[in-house]
Asks: 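Got a structure for you, questions after.
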Amino acid sequence: MEKYKCKSVGVIGSGIQGVCIGLQLIKKGIPVTIFDRHDPLNSNFNPASYGNAGHFSPYAVLQFNRVDILNDIPKMLFSSYGPLALKWNYVPKMIPWFLHYLKNCNKKSMLHTAKYMHQILSLSNDAYEEIFKDIDTTNLITKNGIIYVWTNKNLKSRKLEIQVRKDLGIEQKLLNQKEILELEPNLNPVFDAGVIYEKAMHARDPHGILKEIFKLFLKKGGKFIQENITSLKQVNENETIIKSLNEKYNFEKTVIASGAFSKTLTDQLDEKIPLDTERGYHVHFKGKDNLISRPVIFLDRGFGMTPMSQGLRAVGTVELGGLNNPPSKKRINYILRCAKELLPQLEKHEDEWLGFRPTLPDFLPILGPSLKNKNIIYAFGHHHLGWTLGAITGKIISGIVAEEKTNLDLSPYSSKRFN
Ligand SMILES: Cc1cc2nc3c(=O)[nH]c(=O)nc-3n(C[C@H](O)[C@H](O)[C@H](O)COP(=O)(O)OP(=O)(O)OC[C@H]3O[C@@H](n4cnc5c(N)ncnc54)[C@H](O)[C@@H]3O)c2cc1C
């Protein structure tokens, strides 16, 4: 095994980024300890990496920093039946994020985001396949593609998305309504057309996959400590300190992989990082996962359904409201209405869940060293695509920690862009 200089690493967060980073570091022979306030092997573990829609979406290069979406925001916000909602008490706190968002809502920034999302997304499935060779994925993954459907109402946006993907060489097969119904005969035909990404796959149990990766990490000698981390700092070139309420831990390097909660830690490092959250929800329809054979996303509604082990998972909406507001019953009702619109045979639901997408206003993650504390490394801000990007993030961040050379251009993911 190659010898790396780094003697020890602490990773804060055992979501999909944290466990994949831990695994890649331990594979290099670098001692790692992952910290989380929740135990990933416990059934009450429920961060974004638990409750997401389970799509591995290497095609999803276009994000929400787009003029067409910006123009639609007022209409969406004031509609009671829209995919976007706001907790009005959070508006003042959201202003810095929103000002950055406005700055990034133009064609040039949109294409910049697409280009650099594509750089990492195009490597994402291969990075997972490497991990899957070492874990038991029986009943955890289905390789049957992912379908998006839409009505003819927003065709200008659909055309833009199709063109950008075409320009980047992403495989996509456009479908008419009849072709969609041949693939998914139970769907109510309230849509006009769509697209299938035939090579896309989905998780039948995201938490199950995360647990398998975490167990492999432990088996290879990785350590886990259940602690809520309250502060951290770099002491000198060879030492960082992580503190919980009662304990103090020393590592040569520390990685912040705390998802939407990362800002409480980065704020201590004299950097202004406009990380915020896009809240999302899910419910399960138990025993109804057999109604569709693959994830189906209704683009006009900003919602989708994924057949999973827990049942049919109906997931979606974006709610801007921070980390502390209570869940919104209205958002759950919205998802229920959308699910029953596509599958009227659905009845009772269970397991209402709220989760926090970690989102930066230019819709690129931050992957790289802190500007003023080189031994503290950032790995957060994966917004709607953090599940897809877990394994490749593990490879990139472990390479940064180990000071390996890379052919990737990592400069667009630096926090420098906000400072
Ligand atoms: C509704 C919804 C649907 C989604 N669907 C998809 C999808 O289909 N495909 C996709 O690619 N992505 C999807 N995503 C996005 C994806 O789930 C997230 O981007 C990803 O899970 C983020 O992973 P993470 O490891 O960065 O953060 P998290 O999963 O949030 O994990 C962070 C961990 O850090 C811990 N932590 C935080 N602060 C501290 C602290 N101070 N001390 C100790 N521990 C701490 C938390 O307890 C948590 O376990 C979806 C998200 C949502 C909400």
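Counting convention: from 1, in listed order, for ligands and their atoms alike.
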Asks: Heavy atoms only: which of Val318, Leu389, Val315 lies closest to atom 1 (C) of ligand 1?
Replies: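 Selected option, by shortest heavy-atom distance: Val315.
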
Asks: Taking atom types as modelled and ignoring hydrogens, do the side chains of Gln24 and Ser398 form a donor-acceptor contact shorter than 3.5 angstrom?
Replies: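 Looking only at side-chain atoms, Ser398 and Gln24 do not form any donor-acceptor pair under 3.5 Å.
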
Asks: Suppose I only count heavy atoms of Arg357 and a 4.0 Å limit; which atoms of ligand 1 are within that range?
Replies: 1 (C), 2 (C), 51 (C), 52 (C), 53 (C)

Asks: Please list the nearest protein heavy atom to atom 35 (C) of ligand 1 with its residue and the distance rounded to 0.1 Å.
Replies: Asp36 OD2, 3.2 Å

Asks: Strictly under 4.0 Å, does any heavy atom of Ala260 approach an atom of ligand 1?
Replies: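 Not so, Ala260 does not reach ligand 1.
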
Asks: Under 4.0 Å from a heavy atom of Ile16: which atoms of ligand 1 are those, numbered in the order shown and with their elements?
Replies: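 Answer, ordered by atom number: 23 (O), 25 (O).
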
Asks: Looking only at protein heavy atoms, which one is nearest to atom 13 (C) of ligand 1, and how far off is it?
Replies: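 Heavy-atom neighbour on the protein nearest atom 13 (C) of ligand 1: His384 O, 3.1 Å.
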
Asks: Report the part of Thr388 in contact with ligand 1, treating N, CA, C, O as backbone and CB onward as side chain, heavy atoms under 4.0 Å; options are side chain, backbone, both, neither.
Replies: both

Asks: Can you classify the ring geometry of Tyr59 versus Tyr148 as parallel (below 30°), tilted (30 to 60°) or perpendicular (above 60°)?
Replies: perpendicular

Asks: Nearest heavy atom to atom 6 (C) of ligand 1: which of Asn52, Leu121, Val11 does it belong to?
Replies: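 Among Asn52, Leu121, Val11, the closest heavy atom to atom 6 (C) of ligand 1 belongs to Asn52.
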
Asks: Short list, please: which atoms of ligand 1 are under 4.0 Å from a heavy atom of Gly259?
Replies: 26 (O), 27 (O), 32 (C)

Asks: Below 4.0 angstrom from a heavy atom of His38, which ligand 1 atoms are there? Numbered from 1 as shown, please.
Replies: 47 (O)

Asks: Could you tell me whether Asp205 and Lys211 make a salt bridge, using a distance below 4.0 angstrom between a side-chain N and a carboxylate O?
Replies: no

Asks: With heavy atoms only and a cut-off of under 4.0 Å, state how His282 meets ligand 1: side chain, backbone, both or neither.
Replies: neither

Asks: Classify the ring geometry between Tyr101 and Trp97 as parallel (under 30°), tilted (30 to 60°) or perpendicular (over 60°).
Replies: parallel

Asks: Which residue holds the protein heavy atom closest to atom 42 (N) of ligand 1, what is that atom called, and what is the gap in Å?
Replies: Ile229 N, 2.9 Å

Asks: Could you find the nearest protein heavy atom to atom 21 (O) of ligand 1 and give me its residue, atom name and distance?
Replies: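 Looking at atom 21 (O) of ligand 1, the protein heavy atom closest to it is Ser49 OG, 2.9 Å.
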
Asks: Take Trp150 and Ser157 through the side chain to side chain contact (heavy atoms under 4.5 Å, CB included) test and state the conclusion after the steps.
Replies: CA-CA 11 Å; Trp150 56 73; Ser157 292; over 6 Å; no

Asks: Where is the nearest protein heavy atom to atom 19 (O) of ligand 1: which residue, which atom, and how far?
Replies: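 I find the closest protein heavy atom is His383 O, 2.8 Å.
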
Asks: Any salt bridge between Glu403 and Lys253, counting N to O under 4.0 Å?
Replies: yes

Asks: Within a distance under 4.0 Å of any heavy atom of Leu385, pick out the atoms of ligand 1 and give their elements.
Replies: 10 (C), 11 (O), 12 (N)

Asks: List every atom of ligand 1 that sits less than 4.0 Å from any heavy atom of Phe45, numbering the atoms from 1 in the order shown and giving each element.
Replies: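 Atoms satisfying the 4.0 Å criterion: 49 (O).
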
Asks: So which protein heavy atom does atom 39 (C) of ligand 1 come closest to, and at what separation?
Replies: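 Protein heavy atom with the smallest distance to atom 39 (C) of ligand 1: Arg37 NH1, 3.4 Å.
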
Asks: Is the contact between Glu227 and ligand 1 made by the side chain, the backbone, both, or neither, using heavy atoms and a 4.0 Å cut-off?
Replies: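 Only the backbone of Glu227 comes within reach of ligand 1.
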
Asks: So which protein heavy atom does atom 24 (P) of ligand 1 come closest to, and at what separation?
Replies: Gln17 CG, 3.5 Å

Asks: Tell me, please, which residues at least two apart from Gln268 pass side-chain hydrogen bond (donor to acceptor under 3.5 Å, both in side chains).
Replies: none

Asks: Between Trp387 and ligand 1, find which residue part has any heavy-atom pair under 4.0 Å and reply side chain, backbone, both or neither.
Replies: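 Looking at Trp387 and ligand 1, atoms from backbone and side chain both fall under 4.0 Å.
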
Asks: Assess the side chains of Asn228 and Ser244: does a donor N or O sit below 3.5 Å from an acceptor N or O?
Replies: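 No donor-acceptor contact under 3.5 Å links the two side chains.
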
Asks: Using distance only, find each side-chain donor-acceptor pair of residues 342-356 under 3.5 Å and give its atom names and separation, not counting sequence neighbours.
Replies:
residue : atom : partner : partner atom : Å
His349  : NE2  : Glu352  : OE2          : 2.7
Glu350  : OE1  : Lys286  : NZ           : 3.0
Asp351  : OD2  : His284  : ND1          : 2.8
Asp351  : OD2  : Lys286  : NZ           : 3.3
Glu352  : OE1  : Lys329  : NZ           : 3.0
Glu352  : OE2  : Lys329  : NZ           : 2.7
Trp353  : NE1  : Asn46   : O            : 3.0

Asks: Tell me yes or no: between the side chains of Gln63 and Arg66, is some donor less than 3.5 Å from an acceptor?
Replies: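 The criterion, which ignores hydrogens and geometry beyond distance, is not satisfied for Arg66 and Gln63.
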
Asks: For atom 5 (N) of ligand 1, state which one of Pro206, Ala379, Ala53, Gly280 supplies the nearest heavy atom.
Replies: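 Nearest option to atom 5 (N) of ligand 1, by heavy atoms: Ala53.
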
Asks: Considering only NZ, NE, NH1 and NH2 on the basic side and carboxylate oxygens on the acidic side, decide whether Glu271 and Lys372 come within less than 4.0 Å.
Replies: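 No, Glu271 and Lys372 are not salt-bridged.
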
Asks: Ignoring hydrogens and geometry beyond distance, is a side-chain donor-acceptor pair present between Arg294 and Tyr197 at under 3.5 Å?
Replies: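 No, no side-chain donor-acceptor contact under 3.5 Å.
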
Asks: In sequence, state the C-alpha distance, the side-chain angles, and the governing distance for Phe35 and Tyr249, and then conclude on ring-ring contact (aromatic ring centres under 6.0 Å, His included).
Replies: CA-CA 10 Å; Phe35 293 83; Tyr249 305 89; 4.8 Å; yes

Asks: Give the numbers and elements of all ligand 1 atoms closer than 4.0 Å to a heavy atom of Phe261.
Replies: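 Heavy-atom distances to Phe261 below 4.0 Å select 37 (C), 38 (N).
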
Asks: Do ligand 1 and Gly386 have nitrogen or oxygen atoms that lie under 3.5 Å from each other?
Replies: yes

Asks: So, Arg279 and Glu319, do they make that salt bridge, N to O below 4.0 Å?
Replies: yes

Asks: Heavy-atom pairs closer than 4.0 Å: do any link ligand 1 to the side chain of Pro358, the backbone, both, or neither?
Replies: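 The side chain, only.
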
Asks: On the 0 to 90° scale, with breaks at 30° and 60°, tag the Trp387-Phe56 ring pair as parallel, tilted or perpendicular.
Replies: tilted

Asks: What is the nearest protein non-hydrogen atom to atom 9 (N) of ligand 1, stated with its residue, atom name and distance?
Replies: His55 O, 3.0 Å

Asks: Which ligand 1 atoms are under 4.0 Å away from a heavy-atom of Gly15?
Replies: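 In order of number, 25 (O), 29 (O), 31 (O), 33 (C).
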
